[in-house]
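Here the structure is laid out as structure tokens; the discussion comes afterwards.
Counting starts at 1 for both ligands and their atoms, in listed order. This structure is a prediction, so every number in the text was calculated from the model and none was measured.
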Amino acid sequence: MVSYRFQDLKQTIPIGKIICLARTYKEHAREMNAVVTEDPLLFLKPSTSIIYNHGTIIIPRRSQCLHHEVEMGVILGKKGKNIREENAMDHVLGYLVALDITARDIQSAAKKNGWPWAIAKGFDTFAPISDAVGKTKVPYPLNLDLSLTINGVVKQHANTNEMIYSLERIISFISEVMTLEKGDLILTGTPEGVGEIQEGDVLEAHLGSLCSLTVDVKRE
Ligand code: MG
């Protein structure tokens, strides 16, 4: 079982399901030649893909091309089904910065064939997360700088205010499909600038000045 590492909360909170959104930033949808949809696009990652700050992303033998996607993570603090938008933020416990590591070659083949993305997104180490911060420290979650550098060079840099959907809408929509529970994690999608990572790279992600994450990359 994996748990969050909170900077400011003493409780141990196990990580539940990881619900990821795709195409939530217009410029990223454009760079992928993908259309933005009216409802958010969802997929899941297993909790076994989690690694922490100072962990190592492993390039699996099955992939020749891993991509980085830096994303804001939203941690759920209480159970809810059919959550109304006006109550949605009551369900948030905190935030973190995460990487949605993607085997882009496997995903491209899946897209072409109409297959699910579970393999492309679900390998071990494909969900690095930072320590988490409680929501009281984050009055404006949709006005935070989100950035990723590789070996000190900026690759992705955006603001969460560029996201297409509000957090209220995201939480309400997901809870219409699946019950959200304490400890679930929503990865809210990546802005433009995604690209390949190589063995030996050092990735550093930041969410404002709240959360940071450093990981390196090795081959299996
Ligand atoms: Mg993503």
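With hydrogens and angles ignored, the 3.5 Å screen pairs a side-chain donor or acceptor of N113 with a backbone N or O of A109. The main-chain N or O of P60 is never found under 3.5 Å from a side-chain atom of S63 such that the two would form a donor-acceptor pair.
Inter-residue side-chain proximity for M72 and L96 is flagged as unmet; no heavy-atom pair is nearer than 4.5 Å.
At a threshold of 4.0 Å, the pair R169-D39 counts as salt-bridged, since one of the basic side-chain nitrogens sits closer than that to a carboxylate oxygen.
Less than 2.8 Å away from the Mg ion (ligand 1), the protein contributes these N/O/S atoms: E69 OE1, E71 OE2, D100 OD2.
Closest non-hydrogen pair, I101 versus K45, comes out as O-NZ, 3.1 Å.
In the model, Q156 has a side-chain atom that pairs as donor or acceptor with a side-chain atom of H68 under 3.5 Å.
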